[in-house]
Trainee: 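Below are the structure tokens for one structure; questions will follow.
The basis for the numbers below is simple: all heavy atoms, side chains too, and nothing from hydrogens, waters or symmetry mates. So you know, we letter chains A, B, ... as the sequences are listed, proteins then strands, and number each from 1.
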Amino acid sequence: MPLKISTTSTTDADSAAAIRECYAEIEAELGATPSLLIVYPTVGHDLEAIAAGLRDVAPGVPTHGATTCLGVMTESGFAGSEGVGLGLFGIHDPDGDYGVAARELGDDPQAAGREALLAAIAAADREGEPPELVWIASDPGSEEAVIRGFKEVLGVRVPIAGGSAADNDVGGGWFELANGQVHRGSVVVTVFYPSTSLHFAFHSGYSATELSGVVTRAEGRTLQEIDGRPAAEVYNEWTSGVITDKLSGGNVLGMTTLHPLGRASGEHGGIPFLRLSHPDSVTADGSLTLFTEVAVGERLIQMVGAKEHLLTRAGRVTKAAMNAGNRFADSIAGALVVYCAGCLMTIQDQIGEVADGIAKELEGSPFLGTFTFGEQGCFANHESYHGNLMISVVVFESD
Amino acid sequence: MDQPSDDQRLALSARVRELEAALASSERARIAAEEERGELRIDLQHARERLREVATQAEQLFAGLRVISEARSVDEIFAGVLGVLHGVLQFDAAFILLLGQDGASEVVASTDPSFEGITWRGGRFTERVLAGETLALLDLNLKDDWSGVDPAVRERFRGALHVPLVAPGSQAILVCVHAERGFFTATRSALAQRYLGLANQAVRNAQHATDLEAQVIERTEALRQERDFALQITMNMAQGLVTTDDEGLVTLVNPAFVELSGWPEEVVLGNPLHLLLAAADDDETGSVASLHDSESLAETGEYLLRCGDGESVLAIVSSAPRRSGGSIHVFTDLRKRQELQTTLELARDAAETNSRAKSMFLANMSHELRTPLNAIIGYCELLRDEAEDRHDEALLEDLGRIHTSSRLLLELIGNILDVSKIEAGKIDLYIEHVVIEELCRDAVTSVEPVAGVNHNIIRCDAGRDLPPLYTDRTRLRQVLINLLGNACKFTERGTVELDVRLDSADQRGPMLRFCVRDTGIGMSPDQIAAVFEPFRQADPTPTRRYGGTGLGLTISRRFTEMMGGSLEVTSQPGRGTTFTVRLPCGEPTIPRAADPEAL
């Protein structure tokens, strides 16, 4: 039986009604109870009402979710109005297996990631078997540790993708959902054992410049020194002064969106893969805080982007995912897209063009896109990472 | 030089800002173009890398296809599969596991001796693989199916891939292992499935070829046996046999032909057969030529065979085309057949003379025997009357035995006399009008004492408005008494019934049907088949128990047939027997004498 996917979205602010209507639409389109549901509401929604609605309309169906920034996008375009939007993705695959589990991150996010993954595999009744994909939604801040927990169980070759929970104003109001329950400070993991193949791509919308340096002092997500000098000072030089006004400290998130730092993460055919780190603030001692960890000894490359590329890049990444499996759109059942919320904020009301670009590549196949505060994906060399300002796409073959 | 005016300064400033904006725009466009170029370069490089990977995989798969297509046996294919997949999947070790219906397992091919002789526990995971799923394991220690394998081996290897395989007569799994945990991803599973689809087909082909080879060997052996058998028949048959090729040249003769013709085999072989033959009517050319005419090859004709001693032998030659070309000719020596026929005719005449003599002798002897026997019976009855008068019970008993034995002997002699007369054609029928009711009542009255001995009820139902019957009253009465007597003998505490009806549906015309039914012991189909044969009853045991000569039914049937009718029987063991006499109504056409050969 072919794998079938359906997506829908709404800007209805009545959370209970929104989830009921979206589910009814998904079930009608699939013609059966879904094998898995993925829901991305904005924080403007009543999460408990959504969870209760899912429990009510889809009891027993594995459900994965996290809050998204400002809205969602589907083949019908962007859905978000005054910070309220909801997207639902349903997959019907009776010959496949799917499992969802969540764990609180607590003091040991790595252990939380490991345990959530094992619980999800057990929920799919596939203990000991590597899933074809691990889909993740985590509270921002400790994604690298969570992924390390996954790799403890899986080794390094199973693709990991997804996006971190987000809110509308970086105010920390994000949530996660798993199997009809609302979670906070947690990681939600879904394991995919589909009956058909899936393919993926993980890219940024940025280019490397010739400017680079080595991390000489860092701790977690705080980059203190590059080449022995205060990181903020070096970064300001590389970017021709985009944070001159904030060198003594302050939030720089909006200023740095088109100037992230890149870190090499393997290569494929001689071309290095670069995952991005997005500086979000300058500390009083001249350090930069990032949305990713950095390690001493890592080479940082100054990246540069243009708004135009943020508009077109998602479509290119979608096509790259299909190319990875040598597939055309007519054999694709649907896709999941993770798009950086920082990029969304940069392009703002032009986000519809991003959705159009993805829809054009998929030629009408359904997709659901979420806007996240951290992206996880798998490069073509089958290595999975957490990054910022990234676009992660997974496409599912229909049969 | 005059200082620029404020207006000029403002215009210059505006121009500078305009140029700076244009420069910034150009710079953005340059950066965008650079990025686009960079992205395209990356895409191109990735596409090249994918192409290289796909080409490498295709090359490996083609190489694998060549290996398995050149393999001649399933074992070679299995070994080839492991060799090729090593390049494709990059496993550290692999083996092929055969699983029997009884749960027994055997490693039939392996790249690592550690796996030879392992104990495979099996389980739900194994069952899923055997059902057709390709399954990877993150770690060998996570499934009980692996628990029987040496812990040291499970420590050396972590990741595993299990792929279902086709194997003749059993189920098989290809197992690949790698030291790295989770080494076998979906991509590797897909590659393995793609290649093993081909391997499975190759195994089916190899098995099919093996089966075909076995069939060819079996068929060849059968053909050899058939050929030997045919040759044995040819060489030992009494008739002469000659085969010729398409040109009519002799290719084979059997010993019987050599004996018949007197020609040595080496003289005949390779020569035209028609040179040895002449037509029986001396029209040599025409008849001989017909042996070569393909349209008349299958014909059978009489020919003169020119023999080696200069004489000719008359023979029937039967010719038939051979499927592979040429013809086969069978020579039957008519001299022998004629001699045999003459001998047979003489023997038959002698037998018939003897048979008539025997019948005459028996008829005469029977007559000569009956006369003194009647005297014995008569004197015995007189002595019995005297003994009764004297109340001499001992003498009465002895005389009773003599009387009974004498009556039986008389009956036997009477029957033998009847048979002899029938055989000798000396039975004459006296045709008269018969009153059916009277005849039936008479017959029933005659057997009532016998019915009483076995406590049977005997009934007679002769329907009204029966047509007149013209037949031999005495013979018919004898037939009915015989049938009713038998029925009473073979029935105990039952019913014997004589039923007479008109049967208008008989193909021979209107018939009177006399049915004698009983509820006795009945007969099996084998017994029914033999019941009309002389000196036979249902079986030897009843003969001894119930007495009788075993001639009654034979005589009854012959009498019925002489009267233009028939006598038939239906019966089931334990369910009784029905004898049916059918006689034509009106003046019957009576054969004057019985056919002795029918007895």
Trainee: Do Phe91(B) and Phe183(B) make the cut of ring centroids closer than 6.0 angstrom?
Mentor: no
Trainee: Heavy-atom distance under 4.5 Å to chain A: side chain of Thr187(B), backbone, both or neither?
Mentor: side chain
Trainee: Counting only heavy atoms not in Gln193(B), do more than 12 sit closer than 6.0 Å to its CD atom?
Mentor: yes
Trainee: Among pairs that include at least one residue of residues 318-327 of chain A, which meet salt bridge (charged side-chain N to carboxylate O under 4.0 Å, His left out), considering only residues two or more places apart or in two chains?
Mentor: Arg327(A)-Glu397(A)
Trainee: With sequence neighbours left out, which residue pairs that include part of residues 167-180 of chain B fulfil the salt bridge (charged side-chain N to carboxylate O under 4.0 Å, His left out) condition?
Mentor: Arg157(A)-Glu180(B)
Trainee: Say whether, by atom type as modelled, one donor and one acceptor occur between the side chain of Asp93(A) and the main chain of Ser195(A) under 3.5 angstrom.
Mentor: yes
Trainee: Listed by residue number, which members of residues 115-135 of chain B have a heavy atom under 4.5 Å from any heavy atom of chain A?
Mentor: Arg124(B), Phe125(B), Arg128(B), Glu133(B), Leu135(B)
Trainee: Tell me if the centroids of the rings in Tyr98(A) and Phe192(A) come within less than 6.0 Å of each other.
Mentor: yes
Trainee: Asn236(A): which residues meet the side-chain hydrogen bond (donor to acceptor under 3.5 Å, both in side chains) condition with it, sequence neighbours left out?
Mentor: Thr244(A)
Trainee: Is it the side chain or the backbone of Ala190(B) that comes within 4.5 Å of chain A heavy atoms, both, or neither?
Mentor: neither
